[in-house]
There are 2 protein chains.
Amino acid sequence: MAATIKDVAKQAGVSTATVSRVINNDKHIAPDTRERVLRIISDLNYTVNNVARSLKINRTHTVGLITPAIAEDFFMQVAQGAETVLRKEGYTPIICNSNEELEEETARIRLLLEQQTDGVIIIPATNRGEHFDMLTSNHIPYVLVDRVVDETKADAVLVDNINGAYEATEYLINRGYRRFGFLGGDIEHQSNARERFVGFKRALEDYKIELEEDLLKYGDFHERSGYELIGSFLNNDRAPEVVFISNYYMYVGAVKYLIRNKDTMKQPVYLASFDDMAFSEVNGLPSLNIAQPIQEIGMEAARLLLSRIRGEELPYPQIRRLKTRLVHHNT
Amino acid sequence: MAATIKDVAKQAGVSTATVSRVINNDKHIAPDTRERVLRIISDLNYTVNNVARSLKINRTHTVGLITPAIAEDFFMQVAQGAETVLRKEGYTPIICNSNEELEEETARIRLLLEQQTDGVIIIPATNRGEHFDMLTSNHIPYVLVDRVVDETKADAVLVDNINGAYEATEYLINRGYRRFGFLGGDIEHQSNARERFVGFKRALEDYKIELEEDLLKYGDFHERSGYELIGSFLNNDRAPEVVFISNYYMYVGAVKYLIRNKDTMKQPVYLASFDDMAFSEVNGLPSLNIAQPIQEIGMEAARLLLSRIRGEELPYPQIRRLKTRLVHHNT
DNA sequence: GAAAAAATTGTAATCGTTTCCACAAAAACA
DNA sequence: TGTTTTTGTGGAAACGATTACAATTTTTTC
């Protein structure tokens, strides 16, 4: 139904080869043929069929992006960053949702393989990575984002979690805080949760500050666990002066708890937390936030992936760590 | 490099036709050949090449989704809803970003045309719609979401804005509020802004409540305008008791203003606003929110589009309006 | 003005599938 | 047993582009 290259060729009285050359800006074409062909193209409203082209040239100029959740701020900002650079380089991202499930992640990889994407950016849902081998064995480059399974294996774009946590903690210490609470993630299985804990602890050690075991709680980086855990700290005589929260969603949960219970709260608690996103400012509570350059993470991941796709020579693996930044709210 | 259907055929000692039949679950195939072929497929780690398949069958099982902004809550919830039903039906969404720009929206449509998507879901960035004709003339079905250019022309999934605004206003009236402020959008050019205003005004009229001209302000549905406009209402003796805000982002702006200036505020103002998203609860201010079934909008759009793709007989155009729901926060 | 070089165009194979058509073998029927 | 029907399989032509190679025309060079 839609016009094909053949229709254009016939109308213009040339071969499809010539039309193809015009489309692809081949230099060796006579100016007047080029012009004639272009006119017919616009007359017929012809657009190139990318699926045919992709089949022939064996590249699709598409890149898969697997995220644990569409519709979550952090992931979509990464996606936005990636989209910006991919688009500029003529690539189309295909955003997929793993729903924080290993099997879905695997299924999406399979899908992207079928779709012949030229590369994949993955924000891993779990700490498993065997299924990435499917990509390797098909020679599809991929880049991990935000967390990593095994640092020696795959390209990754991360944030300097250790340093970010250290700086924030150090800042708090210098401001005179001594009694710390800590709300972390799964330090067993999640690289970023672990690193943030390390940075936090190292700062306390360097400044010889005691860390009480019962002021140390581990959740799962979800809002609910922040909401539930923060409560257990408060309203007793051993409450911390400041709580270090190592993830944004747990921070949101904690904030919600504090807002809901502000009338019964004995004393204010200061919050320090990873990430600086929408909520961090609007909730009205004073806090120290460790801002990740989220969009930049996505952009860097896209850049790295494109280098791989283009076959540029880079040692394996590339681990890029971006710097965090401290932000103050409502103080 | 990757195994093709030919490799499988050769290994299994059958023709590519047979392999294809196995892949596509053709009924007329001998059980033992099927089994043999399946074994080879798994041995060779074969995956079908969808770009070749798409070329042949002239369908890609992909659907474009054009949104004015990736990384904005509302749009991504729509996307999430759409993704859920598309995925279940074997379709892959390609999410594109128009950046709230007409030209980019046009460019994305052109891209999706080249990619041969089977249909497109569009959250329009502007009130222009001529470029949608490119889709029509290529026989690609499309569905508009959230706002509409001309109701008589294209399929659309919307929300019953008039009724939603009316109900909320009526509720406020019944609660005794009489002095209303209104923060709206561009009622000239944006269908949803207009409809919400109509519902609001109609309720006031029905209850014979005066609407003062200088308590009526129009912004642009962005945070900044909410922030700036709310201030002009307050701190004078003619301040409204309640402000009806017809968009979430303006609401967020207003909330930020109120939080920042809470110390200098003479009297509290109650907010009523369209949408009920992340901020609505956490900001701590009491408010009445008009919740749209955002994910459901995306799901319905996907369902409608799939009906069109499948060629089901439905009168043109289909305009589906979903109901809103009132939600109370911090009261 | 002829030979060589450069520029322009066409022919046809190819990418990896699907599917129409033909056909052989097996099953059902008489 | 011979005929018809059913079942399973293969051959080969598409789908719409790109591109190596060849062929032709034009330009340059001496």
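Letters go in sequence order (proteins before strands), and every chain restarts at 1. Atom set for the values below is all heavy atoms of this structure, side chains included, hydrogens, waters and symmetry mates excluded.
Taking 4.0 Å as the cut-off between side-chain N and carboxylate O, A:Arg310 and A:Glu89 count as a salt-bridged pair. Between A:Arg321 and A:Glu300, none of the side-chain N atoms (NZ, or NE/NH1/NH2) sits under 4.0 Å from a carboxylate O, so this pair counts as no salt bridge. Between A:Arg108 and A:Glu101 there is no salt bridge, since none of the side-chain N atoms of the basic residue sits less than 4.0 Å from a carboxylate O of the acidic one.
In this model, no side-chain donor or acceptor of B:Arg34 finds a partner on the base of D:dG8 within 3.5 Å.
Note: CD1 (A:Ile5) to C1' (D:dA17) measures 6 Å, nearest angstrom. The distance between atom CG of B:Asp7 and atom C1' of C:dT17, rounded to the nearest whole Å, is 13 Å. As rounded to whole Å, 12 Å separates atom P of D:dT18 from atom CG of A:Asn25. Rounded to whole angstrom, the span from the CG atom of A:Leu55 across to the P atom of C:dT18 amounts to 12 Å. Taking atom CD1 on B:Ile29 and atom P on D:dG10, their separation rounds to 8 Å, with Å as the unit. B:Asp32 has its CG atom 12 Å from the P atom of C:dA26, to the nearest Å.
Here A:Thr4 does not reach the OP1 or OP2 of D:dG16: none of its side-chain N or O atoms lies under 4.0 Å away.
B:Asn49 comes within contact range of the sugar-phosphate backbone alone, with a heavy-atom separation under 4.0 Å but no base atom that close. Using a 4.0 Å heavy-atom criterion, one finds that A:Thr33 contacts the sugar-phosphate atoms exclusively. Residue contacts shown for A:Val48 are limited to sugar-phosphate atoms, with no base heavy atom under 4.0 Å away.
Side-chain atoms of B:Ala17 lie closest to D:dA12 of the nucleotides D:dA12, C:dT9, D:dT9.
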